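Predicted, not measured: the structure shown is a model, and the values here were computed from it. Start at 1 and go down the list; that is how both ligands and their atoms are numbered.
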Amino acid sequence: MSNIRLKIFFSFLVIILSQALPQNLERIEPPFWWAGFKSDELQLMVYGENISKLKPDIEGSKIIIEKVHNVDSPNYLFLDLKLNDNVPQTFEIQFFYKNEKVLSHDYELKKREASFYREKSLNPSDVIYLIMPDRFANGDKSNDEVDGLIEKSNRKSKDGRHGGDLQGIIDNLNYIESMGFTHIWLNPVLENNQPDFSYHGYSTTDYYQVDERFGSNTLYKQLSKEAAKRGLGIVKDLVLNHIGSGHWWMDDLPTKDWLNHQDKYIQTNHVHETVFDPYVTKAQKDLFTDGWFVETMPDLNQKNQFVANYLIQATMWWVEYISLSSIRVDTYPYVDKNFLSVWSKKISEEFPYLNYFGEAWVNDISLVSYWQKGAKTHDGYESYIPAMKDFPLQKSLVTGLNSVHAWDSGIGNIYRALSKDFQYGDPYNLVTFADNHDMQRIFSLMGENMDLYKMALSIILTTRGIPCIFYGTEIAMSSTENHGELRKDFPGGWENDSKNVFYDFGLNAIESEAKNFMKTLLNWRKSSDAIGKGKLIHFPVTDGIYVYFRNYKEDIVMVAVNNLDQRKDLDPEHYKDVIGGRKKAIEIFSENAYSLRKKISIYPKTANIFQIK
Ligand code: CA
């Protein structure tokens with residue numbers, strides 16, 4: 001072969017080789033990490049066409065790659081890193097084909113930032129404000145539609161995207177603070193690149209990216225900083241159970257078992273009881289956790305160790321990056337329970353101060369208590385999640401206020417629900433609510449009766465637990481059970497809205513009354529040690545009246561609930577075990593003082609909150 005022919009031959013060889021070799025790294029996740037976690041292990045997911053042909057290596061750092069995993073798809077590598085030198089730094093991950101360096105990536109271990117919520121997480125002195133970001137306030141019209149994200153803006157459709165965003169929340173933090181809320185839980189804000197129903201956020205299509213129609217990762221961080229200045233924590237809604245069908249993994253799943261029922265769609269039976277039921281078949285138990293929530297929400301297989309590690313690290317990443325004050329975990333019991341145990345233990349080890357809660361939408365206390373840390377379980381199972389949402393109390397509240405007093409109905413439903421709190425690991429640490437983003441609004445559940453609405457909220461805001469108020473409940477928004485309809489736009493969040501809650505403009509009498517009531521109650525609650533730190537003591541319903549106390553040291557609050565149609569006299573003598581020799585009861589709204597030496601008249605359809613002096 002002549003010299004020139006040889007040259008051409010080798011040039012061709014290089015071209016063929018280089019075409020087959022990976023050209024770029026499309027993703028490394030987590031995109032960066034922090035130095036100084038208790039665990040010195042980190043598993044990176046590396047994605048790029050044919051990346052598995054390359055051999056990764058780290059030089060010039062004590063950080064080493066302990067193991068490289070090839071998986072079913074040739075386009076992924078999983079790297080087990082050992083962070084021997086666990087200090088902030090940037091190191092180079094090199095990717096070799098034979099001895100030739102083909103690709104390189106600088107990976108950063110950041111310094112962990114100090115944060116207010118390192119010391120103080122969510123606790124019973126707090127009240128959470130739950131916001132559906134698409135429906136609260138549109139602070140940036142320019143992001144209502146974004147190239148590359150399928151669903152466009154459609155405010156006319158109750159199920160469409162309405163344009164609300166993180167900027168809208170930042171713009172209205174003063175309102176949230178002034179109302180007396182102390183944490184903001186946002187329904188999920190991560191990318192949901194789905195053709196429809198993307199506004200609610202529960203179909204994650206990228207675990208490391210805020211949906212651009214809400215803003216950006218940086219703006220989310222800014223929200224957290226601005227909120228912290230006002231003493232407000234940020235609670236992240238986290239979906240571990242499933243992804244959205246538009247997730248970037250779906251075109252190229254890393255392994256054959258990345259999803260449950262990966263080859264054929266099978267829906268969950270949605271029956272929580274199967275977790276506990278001694279008579280049910282294994283197939284039905286498995287169907288509950290392994291079936292898909294709905295067809296557009298593929299079910300993640302957390303028994304796969306790469307999936308498990310990915311979800312644990314993504315959780316840690318957001319807690320650290322945003323300085324979250326708490327996490328709310330969606331559809332907690334639908335997730336593989338062994339994984340939940342590992343996940344929750346790990347999160348509590350790395351963030352010991354963090355109080356976070358799970359959702360188990362079921363009204364039977366034993367089926368909720370099972371999941372909370374500290375519960376005595378029938379099978380020795382341990383989940384380390386410190387808190388759960390209190391669905392059983394919400395149900396008792398609604399049925400209790402809507403039914404007639406009898407031995408098994410009426411206001412006693414609330415007494416009876418709370419009397420079963422012995423099943424919980426820590427009943428004071430349950431997240432309580434009168435309504436939420438998935439159910440009819442409390443004002444409507446109470447038949448749009450202002451008295452009942454006030455009673456429901458007075459009880460939720462004074463009994464044990466950490467209350468959560470759904471945006472709009474503070475102005476007694478009404479709704480049907482329809483999701484799009486109960487997640488209505490918050491008045492004032494959009495330009496040219498005819499009423500504006502933030503600036504008290506155009507509200508009707510009901511809305512103004514509800515807002516004043518809520519603002520007064522929340523701000524009083526903030527100052528009450530009895531509510532924030534106190535024990536609950538209650539009495540069996542007597543003569544139709546339900547009376548309970550919260551007390552902390554010398555601070556005593558008494559709540560007397562009369563859901564009858566007539567006035568009732570409350571005899572303080574009956575409660576002398578708690579009241580002792582104290583003389584006065586001051587009603588917190590009117591500030592009227594009542595003598596505890598004589599009977600106090602309790603008006604029909606009222607929950608009266610008294611400071612005992
Ligand atoms: Ca917007």
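- Counting just the N/O/S atoms of Asp165, the one with the shortest distance to the Ca ion (ligand 1) is named OD2.
- Metal site remark for the Ca ion (ligand 1): Ser142 contributes no N, O or S atom at a distance under 3.0 Å.
- Among the backbone and side-chain atoms of Gly139, no N/O/S atom is found under 3.0 Å from the Ca ion (ligand 1).
- By the neighbour-count criterion of 12 heavy atoms within 6.0 Å, atom CZ of Phe505 is sparsely surrounded, having that number or fewer from other residues, nucleotides or ligands.
- Atom O is the N, O or S atom of Asp140 at the shortest distance from the Ca ion (ligand 1).
- Each of Glu320, Glu113, Glu226 was compared with Lys221 under the salt bridge (charged side-chain N to carboxylate O under 4.0 Å, His left out) criterion, and only Glu113 meets it.
- Taking backbone and side-chain atoms together, Asn138 has an N/O/S atom less than 3.0 Å away from the Ca ion (ligand 1).
- For Lys395, the NZ atom counts as loosely surrounded, since its 6.0 Å shell holds 12 or fewer non-hydrogen atoms of other residues, nucleotides or ligands.
- The atom name of the N/O/S atom in Asp144 closest to the Ca ion (ligand 1) is OD1.
- Lys499 and Glu511 are joined by a salt bridge, as a carboxylate oxygen and a charged side-chain nitrogen come within less than 4.0 angstrom of each other.
- Look at Glu191 and Arg213 and you find no salt bridge, because none of the NZ, NE, NH1 or NH2 atoms lies under 4.0 Å from a carboxylate O.
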